[in-house]
S.K.: 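Just dropping this structure here.
Chain letters run A, B, ... following the sequence lines, proteins first and then strands; every chain starts at 1. Just so you know, these numbers come straight off a predicted model, no measurement behind them.
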There are 2 protein chains.
Amino acid sequence: MSPILHALEHDKPKLSQMERKLAERILASPGEIVHMGITDLAEECGISPATITRFCKVLHFKGFPDFKVKLAAELAHSDASPQDGGSSYQDIVAGNPLPFIVEAMQANHLASIRDTTSLLDLGRLQSVIDLLCRARRVDLYGMATSSIVAQDFYQKLIRIGVNCTAFADSHMQITSASSLAAGDVAFAVSYSGETPETIDALTCAAASGAATVSLTSYGSSTLATLADIPLFSSSLEQGMRRGDMASRIAQLHIIDILFTGMVSTRFGDFIPKLEQSYLNVQHYRHKRGGQS
Amino acid sequence: MSPILHALEHDKPKLSQMERKLAERILASPGEIVHMGITDLAEECGISPATITRFCKVLHFKGFPDFKVKLAAELAHSDASPQDGGSSYQDIVAGNPLPFIVEAMQANHLASIRDTTSLLDLGRLQSVIDLLCRARRVDLYGMATSSIVAQDFYQKLIRIGVNCTAFADSHMQITSASSLAAGDVAFAVSYSGETPETIDALTCAAASGAATVSLTSYGSSTLATLADIPLFSSSLEQGMRRGDMASRIAQLHIIDILFTGMVSTRFGDFIPKLEQSYLNVQHYRHKRGGQS
DNA sequence: TGAGTATGAAAATAATTTTCTTTATTATTG
DNA sequence: CAATAATAAAGAAAATTATTTTCATACTCA
């Protein structure tokens, strides 16, 4: 099932009465929705157009038309060739033979990257790139699996001379967030968007006046709502406990895009630093003569 | 290419001046069009909105919004098609507009996962899984970018109760390697396969009697030669300095396969631990009551 | 020159979003 | 256990924005 529909299904319990009616209508035949106006849909569901717009915003779309376009893209995906092609996430369970695992993992990771790419909002992405390029200082937050993603970004950013930190320790995150100021950027990564430590850190960063960016799985989440600019990776159907593998790949994919975007934007500034950092590692290593 | 775009290309000669401008703009970056209003697009092309509406009707769409939704659906299709699908790595260079970067990054990462999967040696993979499952202790080595991969594996392994370490510090790696013994496994990650610190650590581990596994880019390298079982991820043509992004994704892909393979092999042992570790995080978090 | 076509300006319409008000729900206090 | 405050949900209607249509003008080709 496509990430958007999956997110709907997932969020259903959290929704209010009218919103649920709407969600159910959308899930019932998503293909139709795409060709409907907001008024028709409202009437069919017996709700007001206002509720639909609000609903779309809760899900972090720009509005109803934006929702339609993204949904259309996803639906097209899901009925692509099921061979490796479609976006059908494979469940990986016990006792499977290795060839099956390999196949399923490949399908999941490919689908995850595709879905994430098609859901990307280029405008937001560009805004984040601009923010990061201009930032005085960048804080990266993430716990557990997400700290891997944060660390990855950290390594990239320091190589181009961006002043940034990526503490895995939640106390240090808060400490660091407290000392942020206007012109700084706080970037929070979380699979669920509900990790308390990460939410705390981002809240604190916002209070300090920093611009806030979140990177979470698709759907409504505390972290995404909190952030000035929310970014999303595709989410998998399966339970959270094992579902974060593809998500992490997708998040790294977004990190790569952000980083490349930054380098591309400020080519003159960044490339020499990137080269220099590479050369320095070589140089000092050589000087040492290989002795460890 | 998608039917709509193909039709545009095909009809181009027949179109009038302004219509051609429009068609060309659409063909230039169809992905953007989908997120634009008719007014913005008109302005960008230096034509009037009326022309766009008329143009859409000529192509037998109901109007501009209808065109957008249909185009979005088609673009999603074409992304999934094998057309981009081959193994063509795109070079990502300076000054590229964001849509291009996104497209190229997706192509690279998809190709990287596909290539890596097709290069996998299932026999070796199974050997490594068996080794890891039986290991008394596991050491993970990796510097810089590769330490991210090592850390990721570390997080997974401790969740299923495997006794392992993943120091980023090269001295600690050596120290740890020295204390390995027969029945232990040393797992070294490196993009180039020539990272001196990692080579040292793996050499030391081998000397201590541990089984050694390497994970490097495809090709002959010191590290791969050194290891009892070498594993490979696909390599990119382009220079090392920026070529490690796709490689890291591919390496994580292999880590995911290894981990899932382990869990699948020893389902009874590992799954309860995995569940427990998840529940414990939830539990202690809850107990604390959200206060940081 | 005139018939036909292409185009844009502006008016008309339609769609969407926002604001504001009402209603329902939940929590709080006497 | 009311009664009431506080909060959230939902719709009506206004405002805004987007799209389409109409109409006037300019251009092209016979």
Side-chain angles (χ1 to χ4, degrees), chain A residues 4 8 11-26 30 32-73 121-124 194 203 219-222 224-226 228-230, chain B residues 4 8 11-26 30 32-73 289-290:
Chain A
I4 291 177
L8 275 189
D11 291 347
K12 218 157 52 171
K14 283 188 257 169
L15 298 175
S16 65
Q17 265 186 304
M18 298 298 138
E19 285 178 327
R20 197 162 321 160
K21 272 204 236 175
L22 177 56
E24 254 143 28
R25 174 67 189 81
I26 295 170
E32 280 180 64
I33 305 302
V34 156
H35 303 292
M36 279 188 196
I38 198 172
T39 327
D40 312 329
L41 181 57
E43 206 173 325
E44 261 200 34
C45 299
I47 62 177
S48 81
T51 304
I52 298 181
T53 292
R54 267 192 298 260
F55 179 76
C56 292
K57 300 233 158 152
V58 168
L59 298 172
H60 303 288
F61 295 96
K62 295 221 200 69
F64 182 63
D66 184 44
F67 173 77
K68 281 204 296 191
V69 165
K70 299 251 169 80
L71 182 62
D121 185 315
L122 290 185
R124 278 188 194 154
E194 304 294 349
T203 309
S220 144
S221 71
T222 309
T225 310
L226 214 59
D228 296 330
I229 312 181
Chain B
I4 293 177
L8 277 188
D11 291 348
K12 218 159 52 172
K14 285 186 251 168
L15 299 174
S16 68
Q17 259 188 308
M18 297 298 137
E19 286 177 328
R20 196 164 320 161
K21 272 204 232 174
L22 178 56
E24 254 145 27
R25 174 67 189 80
I26 294 171
E32 278 181 72
I33 305 301
V34 156
H35 302 291
M36 277 188 197
I38 198 173
T39 326
D40 311 329
L41 180 56
E43 205 173 324
E44 262 200 32
C45 300
I47 63 178
S48 83
T51 305
I52 298 181
T53 291
R54 269 192 298 261
F55 180 76
C56 292
K57 301 229 159 155
V58 167
L59 299 171
H60 305 291
F61 296 97
K62 294 218 202 72
F64 181 62
D66 185 46
F67 173 76
K68 281 203 297 188
V69 166
K70 300 254 169 75
L71 182 62

S.K.: Output a table of nitrogen or oxygen pairs between the protein and nucleotides 22-29 of chain D separated by less than 3.5 Å.
M.R.:
none

S.K.: What is the distance from CD1 of B:Ile47 to C1' of C:dA6, rounded to the nearest Å?
M.R.: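 Spelled out: CD1 on B:Ile47 to C1' on C:dA6 is 12 Å.
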S.K.: Where is the tightest heavy-atom contact between B:Ala23 and B:Leu15, given as atom of each residue plus distance?
M.R.: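 The pair with the smallest heavy-atom distance is CB-CD1, 3.8 Å.
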S.K.: Given atom NZ of A:Lys57 and atom C1' of D:dA9, what is their separation to the nearest angstrom?
M.R.: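 From A:Lys57 NZ to D:dA9 C1': 17 Å.
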S.K.: Nearest whole angstrom, please: distance from the P of C:dA6 to the CG of B:Leu22.
M.R.: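 Rounded to whole Å, this separation is 15 Å.
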S.K.: Looking at B:Lys62, I'd like to know whether one of its side-chain N or O atoms comes within less than 4.0 Å of OP1 or OP2 on D:dT19.
M.R.: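 It does not, given that no N or O in the side chain of B:Lys62 lies less than 4.0 Å from OP1 or OP2 of D:dT19.
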S.K.: In whole angstroms, how far is the P atom of C:dA6 from the CG atom of B:Leu15?
M.R.: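 About 10 Å, once rounded to whole Å.
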S.K.: Once ring-ring contact (aromatic ring centres under 6.0 Å, His included) is applied, do any residues pair with A:Phe64, and if so which ones, sequence neighbours excluded?
M.R.: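 Scan of A:Phe64 (ring-ring contact (aromatic ring centres under 6.0 Å, His included), adjacent residues dropped) gives none.
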S.K.: Could you tell me the separation between the CZ atom of A:Phe55 and the P atom of C:dT17, rounded to a whole number of Å?
M.R.: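 Rounded to the whole Å, the gap is 14 Å.
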S.K.: Describe the nucleic acid contact of A:Ile52 in one word from base, sugar-phosphate, nothing, applying a heavy-atom distance below 4.0 Å.
M.R.: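 If one applies the 4.0 Å heavy-atom cut-off, A:Ile52 turns out to touch nothing in the nucleic acid.
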S.K.: At a cut-off of 3.5 Å, list every protein nitrogen or oxygen paired with a nitrogen or oxygen from nucleotides 11-16 of chain C, distance to 0.1 Å.
M.R.:
residue, atom, partner, partner atom, Å
C:dT16, OP2, A:Ile38, N, 2.5

S.K.: Could you tell me how far apart B:Phe67 (CZ) and D:dT20 (P) are, to the nearest whole angstrom?
M.R.: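 So the CZ-P distance, B:Phe67 to D:dT20, works out to 12 Å.
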S.K.: Throw together a table of side-chain donor-acceptor distances under 3.5 angstrom for residues 34-47 of chain B, partners on residues two or more places apart or in other chains.
M.R.:
residue, atom, partner, partner atom, Å
B:Asp40, OD2, B:Gly37, N, 3.3
B:Glu44, OE1, B:Arg25, NE, 2.6
B:Glu44, OE1, B:Arg25, NH2, 3.0

S.K.: List for me each residue that meets side chain to side chain contact (heavy atoms under 4.5 Å, CB included) alongside A:Lys62, sequence neighbours excluded, and say none if there are none.
M.R.: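 With neighbours one apart ignored, the set is A:Asp66, A:Asp121.
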S.K.: Rounded to whole Å, how long is the line connecting atom CE of A:Met18 with atom C1' of D:dA12?
M.R.: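 In whole Å, D:dA12 C1' and A:Met18 CE are 15 Å from each other.
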S.K.: Do any side-chain nitrogens or oxygens of A:Ser16 fall under 4.0 Å of OP1 or OP2 in D:dA8?
M.R.: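 The answer is no; no side-chain N or O of A:Ser16 sits under 4.0 Å from OP1 or OP2.
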S.K.: Just to verify, what does B:Phe55 make a ring-ring contact (aromatic ring centres under 6.0 Å, His included) with, not counting sequence neighbours?
M.R.: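 B:Phe55 satisfies ring-ring contact (aromatic ring centres under 6.0 Å, His included) with no residue once adjacent residues are dropped.
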S.K.: Find the distance A:Phe61:CZ to C:dT17:C1' and express it as a whole number of Å.
M.R.: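 Rounded to the whole Å, the gap is 17 Å.
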S.K.: With the side chain counted from C-beta on, respond yes when B:Phe61 and B:Leu71 share a heavy-atom pair under 4.5 Å apart, and no when they do not.
M.R.: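 Answer no - side chains too far apart.
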S.K.: Residues in salt bridge (Lys or Arg N to Asp or Glu O under 4.0 Å) with B:Lys68, at least two apart?
M.R.: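 B:Lys68 satisfies salt bridge (Lys or Arg N to Asp or Glu O under 4.0 Å) with no other residue.
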S.K.: Considering only residues two or more places apart or on different chains, which pairs with a residue in residues 51-61 of chain A satisfy side chain to side chain donor-acceptor pair (under 3.5 Å)?
M.R.: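 Sorted pair list: A:Ser48-A:Thr51.
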S.K.: Salt bridge (Lys or Arg N to Asp or Glu O under 4.0 Å): which pairs involve residues 13-23 of chain A, sequence neighbours left out?
M.R.: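 Pairs touching residues 13-23 of chain A that pass the test: A:Asp11-A:Lys14.
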